[in-house]
> 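Structure in structure tokens, see below.
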Amino acid sequence: MIISVSRRTDIPAFYAEWFINRIRAGYCTVPNPFNSNQISYIPLKPEDVDVIVFWTRHPRPLMPYLAELDGRGYRYYFQYTLINNPRLIDPKSPALDIALKTFCELADYVGPERVVWRYDPIVFSQITGAQFHQRTYAYIARQLRGHTRRSTISIVDIYPKIKKRLHKLADQGIELTTYDGKPDEAFDELMRALVRAADENGMEIVSCAEELALQSYGIRPGKCVDDEYIERIFGLKVTDKKDPAQREKCGCVVSKDIGMYESCLFGCQYCYASSRFERAQHNHDVEHRPGSPSLLGWYDAAPPELSYSDAKQITFL
């Protein structure tokens, strides 16, 4: 089983203590995002977990626990988002110099193959045009040379649930735009420039769940939860079944996500995982307890092979 930590929130940045508590307990629980009465029991013992995939903008709070994960025999790699958008768009992401330092320290510890650089999503606006991204990507790629082997990109998607938020952003003079399948000359040059910068700095470049066809630029569709990548870096064969819970264009194989929506505090304007930042802050401050089986609230469940009466006789630490 592959464990995703997490598409729904940044667990390494904000919930590292909870995560390591669940590793020590050997399980966690995840309520169905659409029906909280349905609780999934997720086993987390080393023998139950093939690989852990971490998704994060700031893994430093988790890094003190990596030696413990290693000692317990877990395999893991990181999907590390590092973009450097202006604060009006990404108000709380770590500053670029801090993010670069953390990225390099992490890669020095786990190895460059186990830290994937995500320049994702690429946000187009009046202050983040094609030339902005061309300069920013090239600069970051140079700083990360030797510290990663793969770069993942995608173009921002405008979800209906964030349109109210984007209207407020437009009132400040920043309107996010998409290409809707109609790239222009500036877009073409940007894609070619990204490929050049990745190649010059020893990285393959792939796309993530991208509707636009980028293969003609030399950017093949990628997988973030990637069976081929896992076999390459760990020598481990895992399922190659596409995850049916993800978007059509997503190539990821099946995994279990242990996060919960409405809990990330980075406040990215284009974020699909938090519809209201105030709710996310409340959930973090009030609904989260590091000792709980679930990230928010207190949802518990018996292992699937046990009956409820059997489960009552078990004490979980």
Side-chain angles (χ1 to χ4, degrees), residues 1-33 36 38-56 59 61-79 106 109-111 113-115 224-227 229-241 243 245-246 252-260 263 288-317:
M1 178 171 55
I2 301 171
I3 303 296
S4 170
V5 186
S6 157
R7 289 184 178 90
R8 299 168 180 168
T9 189
D10 197 324
I11 288 177
F14 301 116
Y15 304 100
E17 182 183 2
W18 173 84
F19 173 76
I20 200 64
N21 284 343
R22 301 326 306 160
I23 288 291
R24 293 165 182 167
Y27 82 106
C28 71
T29 61
V30 182
N32 185 319
S36 61
Q38 296 178 354
I39 313 299
S40 294
Y41 176 101
I42 310 296
L44 294 177
K45 293 178 181 178
E47 60 267 28
D48 298 317
V49 177
D50 292 317
V51 177
I52 300 170
V53 182
F54 292 110
W55 314 69
T56 187
L62 182 70
M63 288 167 65
Y65 300 117
L66 296 183
E68 180 173 345
L69 291 179
D70 295 335
R72 291 175 179 269
Y74 291 94
R75 308 174 190 88
Y76 56 88
Y77 67 97
F78 285 82
Q79 295 282 345
L106 178 62
Y109 180 78
V110 304
E113 296 83 4
R114 291 167 61 189
V115 189
C224 302
V225 182
D226 187 338
D227 55 313
Y229 196 73
I230 288 169
E231 183 174 6
R232 186 197 314 174
I233 63 177
F234 296 113
L236 179 70
K237 281 190 174 293
V238 294
T239 180
D240 61 357
K241 180 182 177 183
D243 193 335
Q246 304 305 319
C252 288
V253 300
V254 172
S255 65
K256 294 287 187 180
D257 198 296
I258 65 171
M260 293 175 68
S263 59
H288 171 68
R289 283 166 281 183
S292 172
S294 53
L295 187 70
L296 301 178
W298 194 289
Y299 296 92
D300 214 339
E305 67 272 15
L306 298 180
S307 67
Y308 179 71
S309 58
D310 292 332
K312 288 193 296 183
Q313 308 303 314
I314 298 175
T315 299
F316 292 109
L317 301 178

> Per the side-chain contact (heavy atoms from CB on, under 4.5 Å) rule, which among Tyr74, Tyr229, Tyr77 passes with Val51?
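Of Tyr74, Tyr229, Tyr77, side-chain contact (heavy atoms from CB on, under 4.5 Å) with Val51 is met by Tyr77 alone.
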> Got a sec, which residues hit salt bridge (Lys or Arg N to Asp or Glu O under 4.0 Å) with Asp10, two or more places apart in sequence or on another chain?
none
> Rounded to the nearest 0.5 Å, what's the gap from CD1 on Ile3 to CD1 on Ile52? Could you check?
7.0 Å
> To the nearest 0.5 Å, what is the distance between CE on Met1 and OG1 on Thr239?
13.0 Å
> Just so I know, are the side chains of Leu62 and Phe78 near enough to count as touching, which here means a heavy-atom distance under 4.5 Å?
yes
> Looking at Leu295 and Met260, what are the two nearest heavy atoms and their distance?
CD2-N, 3.7 Å
> Nearest 0.5 Å, what's the CD1-CG distance between Ile2 and Asp257?
12.0 Å
> With rounding to the nearest 0.5 Å, note down the distance linking CD in Gln246 to OG in Ser4.
7.5 Å
> Find the distance between OH (Tyr299) and CG (Asn32) and round it off to the nearest 0.5 Å.
11.0 Å
> If we only count heavy atoms from C-beta on, is the Tyr76 to Leu66 side-chain gap below 4.5 Å?
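Answer yes - side chains close enough.
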> Grab the two heavy atoms, one from Cys252 and one from Arg7, that are nearest each other, plus how far apart they are.
SG-NH2, 3.1 Å
> Is any side-chain heavy atom of Val225 closer than 4.5 Å to a side-chain heavy atom of Asp243?
no
> Using a 3.5 Å distance criterion without hydrogens, assess whether the side chain of Thr9 forms a donor-acceptor pair with backbone atoms of Gly259.
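Flag not set: sc Thr9 to bb Gly259 has no pair under 3.5 Å.
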> Determine whether Ile230 and Asp50 make a side-chain contact, defined as any pair of heavy atoms from C-beta on separated by less than 4.5 Å.
no
> What I'd like to find out is whether the side chain of Arg72 reaches to under 4.5 Å of the side chain of Arg24, using heavy atoms alone.
yes
> What heavy-atom pair brings Arg22 and Gly291 nearest, and what distance separates the two atoms?
NH1-O, 3.8 Å
> Could you tell me the separation between the OH atom of Tyr41 and the SG atom of Cys28, rounded to the nearest 0.5 Å?
9.0 Å
> Between Asp48 and Pro43 (side chain of the first, backbone of the second, donor and acceptor by atom type, cut-off under 3.5 Å), is there such a pair?
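No, because the side chain of Asp48 does not come within donor-acceptor range (under 3.5 Å) of the backbone of Pro43.
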> Residues in side-chain hydrogen bond (donor to acceptor under 3.5 Å, both in side chains) with Lys45, at least two apart?
none
> Would you check, one step at a time, whether the test side chain to side chain contact (heavy atoms under 4.5 Å, CB included) holds for Tyr109 with Met63?
CA-CA 9 Å; Tyr109 180 78; Met63 288 167 65; 5.9 Å; no
> Given side chains that start at C-beta, do those of Phe14 and Ser263 come closer than 4.5 Å, heavy atoms only?
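No, every pair of side-chain atoms sits at 4.5 Å or beyond.
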> Of all the heavy-atom pairs spanning Ala301 and Tyr27, show the shortest one and how long it is.
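Closest heavy-atom pair between Ala301 and Tyr27: O-CE1, 4.5 Å.
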> Please give me the minimum heavy-atom distance between Ile39 and Pro31, naming the atom from each residue.
CD1-CB, 3.8 Å
> Go through the structure and list residues passing salt bridge (Lys or Arg N to Asp or Glu O under 4.0 Å) with Arg289, not counting sequence neighbours.
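Arg289 satisfies salt bridge (Lys or Arg N to Asp or Glu O under 4.0 Å) with no other residue.
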> Can you find a pair of side-chain heavy atoms, one from Lys241 and one from Val253, that are under 4.5 Å apart?
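Contact flag for Lys241/Val253 side chains = no.
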> Kindly determine whether Asp70 and Val110 satisfy side chain to side chain contact (heavy atoms under 4.5 Å, CB included), including the steps that lead there.
CA-CA 10 Å; Asp70 295 335; Val110 304; 6.0 Å; no
> Is it true that Asp300 and Thr29 share a donor-acceptor pair across their side chains at a distance under 3.5 Å?
no
> Provide the closest heavy-atom pair for Trp55 versus Pro12 in the form atom of the first, atom of the second, distance.
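Nearest pair, atom of Trp55 first, then Pro12: O-CD, 3.7 Å.
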> Would you call Val5 and Thr56 a side-chain contact if the rule is heavy atoms closer than 4.5 Å?
no
> Using modelled atom types and a 3.5 Å cut-off, is there a donor and acceptor pairing between side-chain atoms of Trp18 and backbone atoms of Ser294?
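Pair found, side chain donor or acceptor close to backbone of Ser294.
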> Give the intermediate values and the outcome of side chain to side chain contact (heavy atoms under 4.5 Å, CB included) for residues Phe19 and Leu69.
CA-CA 11 Å; Phe19 173 76; Leu69 291 179; 4.2 Å; yes
